[in-house]
Each structure stands twice: as structure tokens, then as C-alpha cells.
Colleague: 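Here it is, the structure in full.
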Amino acid sequence: MPELPEVESFGKYLVKTSLNKEIKKVKIESPQLLQNIDINVFNKKIKGKCFLNVKRHGKYLFVLLNNNSWLVLHFGMTGSLKFYKDNAKKLLYSRVIFDFDDGSHLAFIDPRKFGKIHFTQKIDDFINYKKLGPDAFDINLKTFKNLYSKRRGASKTALMNQNVMSGVGNIYSDEILYHAHVHPKTSFLNLSDGKLNEIFKIMKNVLKIAIDRDLKGENLPDSFIIPHRIKNGECPESKTKLKTIKISGRTSYYCPVCQKEI
DNA sequence: CGTGGCTCCTGGCGGC
DNA sequence: TGCCGCCAGGAGCCAC
């Protein structure tokens with residue numbers, strides 16, 4: 001689930017529910033999510049603090065604590081956040097739970113435990129450490145073209161590479177290429193300058209629509225390929241049955257009529 | 001640069 | 001029903 005749009009809404013959700021409350025206790029059910037930090041040190045850094053603000057870069061959510069450090073959340077394939085008030089309730093697949101002093105809780109839910117939690121003093125340090133490219137929602141056209149115009153290999157692989165640009169994953173790369181009428185295996189090297197401009201615009205648009213819809217809890221438009229990502233799904237435009245191929249080990253959906261390989 | 005394979009985990013689904 | 005293999009919206013590591 002969690003690519004850029006979902007992480008953006010997790011951030012908004014955290015802001016809406018969990019800011020400025022003292023964290024009484026952290027329950028760490030799955031210590032393996034903690035990266036480069038001892039469980040005791042983690043506890044010490046969090047206990048008695050509160051969340052002040054959030055920032056997002058790509059698929060990472062940075063949560064500012066009132067000790068000038070940032071908690072870094074990455075949601076993997078199945079991570080999410082859930083806020084609740086009921087004291088007795090404990091949600092299935094809770095891996096880390098923040099207990100606030102007013103009796104409410106924020107849980108990091110993650111069935112597959114692919115999520116990761118770090119600490120950093122500065123966001124930029126973390127971005128450098130992970131070698132993350134610019135955020136897909138912030139990036140400008142010039143930078144985008146610099147990064148992609150000479151990129152070899154499949155366009156889908158390039159869009160998913162977090163070191164080139166950060167935030168687009170398997171699902172949204174398919175969506176972007178679908179609207180651009182580009183086959184996921186086609187290389188950026190084979191695309192015209194105009195096509196790159198178009199892909200840039202489409203990417204921004206797709207992400208914006210996805211963020212808005214996610215925040216409102218609505219479904220994506222039927223003109224998107226994502227809702228048709230099912231067995232026997234059809235292209236909403238040409239009504240052709242969608243095809244799937246493996247690219248970089250991930251399943252890619254595309255329309256064989258609208259997206260011809262070059 | 002680039003690719004493909006394997007790994008970390010758990011649950012759901014289809015096939016036999 | 002029971003078991004098995006495969007698949008899943010991420011990403012790091014390694015060999016080539």
C-alpha cells in the first residue's frame with residue numbers, strides 16, 4: 001500500500017490525532033523493525049516526549065520529537081498507522097504502540113513486518129545515508145528531465161528506483177506509464193523531450209489525485225488503471241484485457257493496445 | 001550502469 | 001477439508 005500518496009495521508013493522520021501529547025510508554029512488539037538502535041535507547045529517546053510535526057520525503061515519514069530528533073517511519077509493503085482511544089483494545093498486527101498520557105494510542109500496524117523505524121538528528125542526513133533521490137511530489141521539471149532523459153533500462157524500473165527519485169513504487173509507476181501510453185519496458189532513452197514533459201505532468205497529476213482521494217477515503221477514478229488491477233481487468237479506455245509482466249521482480253499491469261513497446 | 005535472484009515476514013487464494 | 005505453492009503496493013544485498 002504505502003507509496004507516496006499513502007505515506008502523505010499517514011502523515012496528515014498523525015498530525016490530526018497525535019501531536020503534542022506526552023508519550024507515557026512505547027510498547028515494542030517487534031524489535032526487528034528498529035534499525036540501528038537498541039530497544040532501550042529507543043525507549044529512552046521516546047518516553048516523556050511528544051510529537052510536534054511531520055515531514056515526508058518519498059515513502060518515508062519523519063516525525064519531529066521535542067528533543068530535536070526525528071523518528072523515521074517506513075511502512076514497507078503492509079505498514080500503516082492507527083489511532084485509537086479504547087484502553088482495552090489492542091489491534092491485530094500492532095508492532096509498535098505509542099501510549100499517550102490521555103489514554104489514547106497510536107499503533108504502527110504491519111502484518112508482514114517489512115516496516116522500518118529509524119532515528120535521525122537531521123532529515124538531510126538520513127536522505128544522504130539512504131541516497132534517496134528528490135521527492136516525486138516536490139521535484140521540478142528540469143531536475144526530472146536531468147535524472148531521466150539519459151536513463152537506460154526499463155522506464156518502470158527507473159521510476160521505481162528510490163535513488164533516482166523518491167516516492168513512486170510498483171503501483172503508481174504503472175499508473176503513470178499507463179496514462180502516458182508508455183510500455184513499462186520502454187526505456188526513457190527512446191522517448192522524446194515532449195514525452196518526458198508529458199510524463200512529468202502526468203506523474204504530478206496522478207499523485208495529487210491519489211493524495212486527495214486517499215485523504216477523503218474515496219476510491220480512485222475509474223479512468224485509473226489501479227482499480228482494474230485484478231484478474232481479467234480491462235483497460236478503461238480501450239476495453240482491452242490488461243496484461244501483466246514481471247519487471248524488476250514486480251508485477252506490472254499494462255494495456256497492450258495503449259502502451260506499445262518501443 | 002544495468003539486471004536478476006534471493007531474503008526478510010505473514011496471510012490469502014487457487015488448485016489438487 | 002487439508003495441504004501446498006504462489007502471490008502480495010518495499011527494499012537491501014550479491015553476483016554477473
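We use all heavy atoms of the structure for the numbers below, so side chains are in, but hydrogens, waters and symmetry mates are not. By convention in this document, chain letters (A, B, ...) are assigned in the order of the sequence lines, proteins followed by strands, and residues within each chain are numbered from 1. A quick note: this is a predicted structure, and the numbers were derived from the prediction, not measured.
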Colleague: Take atom CG of A:Leu4 and atom P of C:dA11, then tell me their distance rounded to the nearest Å.
Modeller: 11 Å
Colleague: With sequence neighbours excluded, what pairs up with A:Tyr84 under the ring pair (Phe, Tyr, Trp, His ring centres under 6.0 Å) test?
Modeller: A:His105
Colleague: Do the ring centers of A:Phe42 and A:Phe119 come within less than 6.0 Å of each other?
Modeller: yes
Colleague: Between B:dC1 atom P and A:Tyr148 atom OH, what is the distance in whole Å?
Modeller: 13 Å
Colleague: Rounded to whole angstrom units, what separation is found between the CZ atom of A:Arg250 and the C1' atom of C:dC6?
Modeller: 15 Å
Colleague: Please give, in whole Å, the distance from C:dG9 P to A:Ile226 CD1?
Modeller: 11 Å
Colleague: For A:Lys131 and C:dA11, what is the distance between atoms NZ and C1' respectively, to the nearest whole Å?
Modeller: 15 Å
Colleague: For A:Lys49 and A:Lys44, which heavy atoms make the closest approach, and how far apart are they?
Modeller: NZ-O, 4.1 Å
Colleague: Would you kindly check whether a donor in the side chain of A:Glu3 faces an acceptor in the base of C:dG10, or vice versa, at under 3.5 angstrom?
Modeller: no
Colleague: State whether A:Tyr60 places a side-chain N or O below 4.0 Å from either non-bridging phosphate oxygen (OP1 or OP2) of C:dG10.
Modeller: no
Colleague: For residues A:His183 and A:Tyr254, establish whether the separation of their ring centroids is below 6.0 Å.
Modeller: yes
Colleague: Which residues pass the ring pair (Phe, Tyr, Trp, His ring centres under 6.0 Å) test with A:Tyr60, not counting sequence neighbours?
Modeller: A:His74, A:Phe126
Colleague: Rounding to the closest angstrom, what is the interatomic distance between B:dG11 and C:dA11 at atom P?
Modeller: 22 Å
Colleague: Figure out the CD1/P separation between A:Ile245 and B:dG4, and round it to whole Å.
Modeller: 11 Å
Colleague: Are A:Lys156 and A:Asn170 linked by a side-chain donor-acceptor pair shorter than 3.5 Å?
Modeller: yes
Colleague: Looking at residues 155-168 of chain A, who's got a heavy atom less than 4.0 Å off DNA chain B?
Modeller: A:Thr157
Colleague: Roughly how many Å is it from NZ in A:Lys150 to C1' in B:dG2, rounded to a whole number?
Modeller: 18 Å
Colleague: Count the heavy atoms belonging to other residues, nucleotides or ligands that lie under 6.0 Å from CG of A:Asn68, then report whether that count exceeds 12.
Modeller: no
Colleague: Quick test of your reading of the model: are A:Lys185 and A:Glu261 salt-bridged, counting only N-O distances below 4.0 Å?
Modeller: no
Colleague: What residues, two or more places apart in sequence or in another chain, satisfy ring pair (Phe, Tyr, Trp, His ring centres under 6.0 Å) together with A:Phe137?
Modeller: none
Colleague: Just how far, in rounded Å, is C1' of C:dG10 from OH of A:Tyr172?
Modeller: 15 Å
Colleague: Between A:Lys195 and A:Glu198, is there a salt bridge with N-O shorter than 4.0 Å?
Modeller: yes
Colleague: Are more than 12 heavy atoms from other residues, nucleotides or ligands located less than 6.0 Å from atom NZ of A:Lys82?
Modeller: no
Colleague: Less than 4.0 angstrom between a side-chain N/O of A:His74 and OP1 or OP2 of C:dG10, yes or no?
Modeller: no
Colleague: For B:dC9 and C:dC3, measure between their P atoms and round to the nearest Å.
Modeller: 24 Å
Colleague: Quick one: is A:Thr251 getting a side-chain N or O under 4.0 Å of the C:dA8 phosphate, OP1 or OP2?
Modeller: yes
Colleague: Expressed as a whole number of Å, how far does the P atom of B:dG5 sit from that of C:dC6?
Modeller: 14 Å
Colleague: Identify the residue among A:Lys27, A:Lys25, A:Lys24 that makes a side chain to side chain donor-acceptor pair (under 3.5 Å) with A:Asp99.
Modeller: A:Lys27
Colleague: What does the 5'-to-3' dot-bracket notation of DNA chain C look like when only Watson-Crick and G-U wobble pairs under 3.5 Å count, and pairs to other strands show as |?
Modeller: .|||||||.|||||||
Colleague: Picking from C:dG9, B:dG2, B:dC9, which would you name as closest to the side chain of A:Gln32?
Modeller: B:dC9
Colleague: Any base atoms under 4.0 Å from A:Lys246, or only sugar-phosphate, or nothing? Heavy atoms, all strands.
Modeller: sugar-phosphate
Colleague: List in numerical order all residues of residues 109-125 of chain A for which some heavy atom is under 4.0 Å away from an atom belonging to DNA chain B.
Modeller: A:Pro111, A:Arg112, A:Lys113, A:Phe114
Colleague: Side chain of A:Arg152 only, heavy atoms from C-beta on: which candidate in B:dG2, B:dT10, B:dT3 is closest?
Modeller: B:dG2
Colleague: Touch check for A:Phe75, heavy atoms < 4.0 angstrom, all strands: base, sugar-phosphate only, or nothing?
Modeller: nothing
Colleague: Which of the following nucleotides, C:dG12, B:dT3, C:dG9, is nearest to the side chain of A:Met77?
Modeller: C:dG9
Colleague: Over 60° means perpendicular and under 30° means parallel, so classify the ring planes of A:Phe144 and A:Tyr148, tilted if in between.
Modeller: tilted
